[in-house]
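Note on naming: letters A, B, ... go to the chains in the order of the sequence lines (proteins, then strands), and numbering restarts at 1 for each one. Quick caveat, the model's predicted, so the values are computed rather than measured.
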Amino acid sequence: MIPTDYYIFLGSGLFTIGVIGVLTRRNVLIILMSIELILNAVNINLVALSQYFKSVDGQVFAIFVITDAAAEAAVGLGLIIALFRNKETVNADEIDLLKW
Amino acid sequence: MLELITFIILSVLALVSAILVITRRNAVHSAIWLVVTLFAVGGIFLLQHAEFLFAVQIILYVGGIMVLFLFVVMLVDIDVALRQARFARQWPVALVTSILLLGIIGFALYNHSQGLNLPSRPMISAPAQNTQAVGMALYQNYMLPVEIASVLLLVAMVGAVIMAKRKLE
């Protein structure tokens, strides 16, 4: 049986990689993928603690997180398509109309 | 022992492929590595006897969201992106900040191990029991959240269509 701590350390590692991806990449698509990594890290923690407390509630919340990830991916990718159509770029640092 | 070896293999696979996701130049390669990460995370769910969540992970994430991602990667111009810089100008600061964040999380987890030194408890559950328990929880205790989630999905669907629609004069 694996200690629950290991799962939480794995979750924080995956979360940090996702945060690095969000903060450093220029491509908006990769930023969205990094957000998926962050949500997966959260799910690992939820499932680990759900098993620890012998309650199924954490898994239910993980299902809601996956639902949110699907909604976020749909809207985000729609935004990227609209953005690419209007600005001809998918780089986050070239979209600086409000940053002038 | 075998469980621990499986866990180590899966977590190394997840972390390495996650690093590859955020470092590849080509967005298609990133998407493929993200699929590997999602499979590894699904394996970790299976290791924790969350069989229903494993199925949801494979069907929804790998089957649904990743196909959507690959579609959009193909739609936007990847040839231009291949010749541009991968990382934004602020990447050293961002990297240091993120590593610092990991250090703080790790320090807090390690230092307060009284609160989090969770002993492992064996979990005995057959696949049918897990799915049954999740279904019971979803349709009894979490009835209202399930309905709200369905409204959220409807709003997201309409929103995505509105966003991606070509403007008609």
Honestly, the part of B:Leu102 sitting under 4.5 Å from a heavy atom of chain A is both
Classify the angle between the aromatic ring planes of B:Phe87 and B:Trp91 as parallel (below 30°), tilted (30 to 60°) or perpendicular (above 60°).
tilted
With a 4.5 angstrom heavy-atom cut-off, is it the side chain or the backbone of A:Leu23 that approaches chain B, or both, or neither?
both
Does any backbone or side-chain atom of A:Val47 lie under 4.5 Å from a heavy atom of chain B? Answer side chain, backbone, both or neither.
both
For A:Thr16 and B:Ser98, does a side-chain donor sit closer than 3.5 Å to a side-chain acceptor?
no
With only heavy atoms counted, which part of A:Ser34 is less than 4.5 Å from chain B, the side chain, the backbone, both or neither?
side chain
Approximate separation, where rounding is to 0.5 Å, of B:Ser30 OG and B:Phe69 CZ
10.5 Å
If you count heavy atoms of other groups shown closer than 6.0 angstrom to OH of B:Tyr142, is the number above 12?
yes
Most heavy-atom pairs under 4.5 angstrom with chain A, which of B:Asn141, B:Leu152, B:Val72?
B:Val72
Report which part of A:Ala92 has an atom under 4.5 Å of a heavy atom belonging to chain B: side chain, backbone, both, or neither.
neither
Please determine whether side chain to side chain donor-acceptor pair (under 3.5 Å) holds for the pair B:Thr37 and B:Ser17, giving the CA-CA distance in whole Å, both sets of side-chain angles, and the decisive distance to 0.1 Å.
CA-CA 6 Å; B:Thr37 311; B:Ser17 53; 2.9 Å; yes
Using a 3.5 Å distance criterion without hydrogens, assess whether the side chain of B:Asn130 forms a donor-acceptor pair with backbone atoms of B:Glu51.
yes
When the aromatic ring centroids of A:Tyr7 and B:Phe7 are compared, is their separation below 6.0 Å?
yes
Given heavy-atom pairs under 4.5 angstrom as the criterion, report whether the side chain, backbone, both or neither of B:Leu4 touches chain A.
both
If you look at every heavy atom in A:Ser55 and A:Ser50, which pair is closest and at what distance?
O-OG, 2.8 Å
For chain B, which candidate among A:Val22, A:Val56, A:Ile81 shows the most heavy-atom pairs at distances under 4.5 Å?
A:Val56
When heavy-atom pairs shorter than 4.5 Å are enumerated against chain B, which of A:Leu37, A:Val75, A:Ile17 gives the highest number?
A:Ile17
Name all pairs fulfilling the ring-ring contact (aromatic ring centres under 6.0 Å, His included) condition that reach into residues 14-45 of chain A, sequence neighbours left out, sorted by first residue then second.
none
Under 4.5 Å heavy-atom distance to chain A, tell me which part of B:Ile105 shows up: side chain, backbone, both or neither.
side chain
Can you confirm whether A:Ile20 sits close enough to B:Ile19 that some side-chain heavy atom of one is under 4.5 Å from a side-chain heavy atom of the other?
no
Return the option, out of B:Ala31, B:Gly106, B:Pro92, with the maximum number of heavy-atom pairs under 4.5 Å with chain A.
B:Ala31
Winner by heavy-atom pair count (cut-off under 4.5 Å) against chain B, out of A:Ile80, A:Leu83, A:Leu14, A:Thr89
A:Leu14
Show every donor-acceptor pair shorter than 3.5 Å between a side-chain atom in residues 55-66 of chain B and any protein atom, with sequence neighbours excluded, or say none if there are none.
residue	atom	partner	partner atom	Å
B:Gln57	NE2	A:Asn40	OD1	3.1
B:Gln57	NE2	B:Leu38	O	3.2
B:Tyr61	OH	A:Glu36	OE1	3.2

Against chain A, label B:Pro145 side chain, backbone, both or neither, depending on which of its atoms sit under 4.5 Å from a heavy atom there.
both
Keeping B:Arg86 on the side-chain end and A:Asn27 on the backbone end, is there a donor-acceptor pair under 3.5 Å?
no
Taking the side chain as C-beta and beyond, is there a heavy-atom pair between A:Asn91 and A:Ile95 under 4.5 Å?
no
Using non-hydrogen atoms only, which part of A:Ile30 is less than 4.5 Å away from chain B: side chain, backbone, both, or neither?
side chain
Quick one: which of A:Ala41, A:Gly76, A:Ala74 has the most heavy-atom pairs under 4.5 Å with chain B, could you say?
A:Ala74
Which atoms of B:Val146 are under 4.5 Å from chain A, going by heavy atoms: the side chain, the backbone, both sets, or neither?
both
Top contributor to chain B contacts, counting heavy-atom pairs under 4.5 Å, from A:Asp93, A:Ile31, A:Asn43
A:Asn43
Greatest number of non-hydrogen atom pairs under 4.5 angstrom with chain A, of B:Gly159, B:Ala14, B:Ser150, B:Ala50, falls to B:Ala50
For chain A, the option from B:Val93, B:Thr23, B:Leu53, B:Leu101 that forms the most heavy-atom pairs under 4.5 Å
B:Leu53
Heavy-atom cut-off 4.5 Å, strictly under: side chain, backbone, both or neither for B:Gln90 against chain A?
side chain
Contacting moiety of A:Leu32, where chain B heavy atoms sit under 4.5 Å
both
Side chain, backbone, both or neither of A:Ala48 within contact of chain B (heavy atoms, under 4.5 Å):
both
Which atoms of B:Ser11 are under 4.5 Å from chain A, going by heavy atoms: the side chain, the backbone, both sets, or neither?
both
Give a yes or no on whether the backbone of B:Ala88 and the side-chain of A:Arg25 come within a donor-acceptor separation of less than 3.5 Å.
no
Bottom line for B:Thr97: the part with an atom under 4.5 Å from chain A's heavy atoms is neither
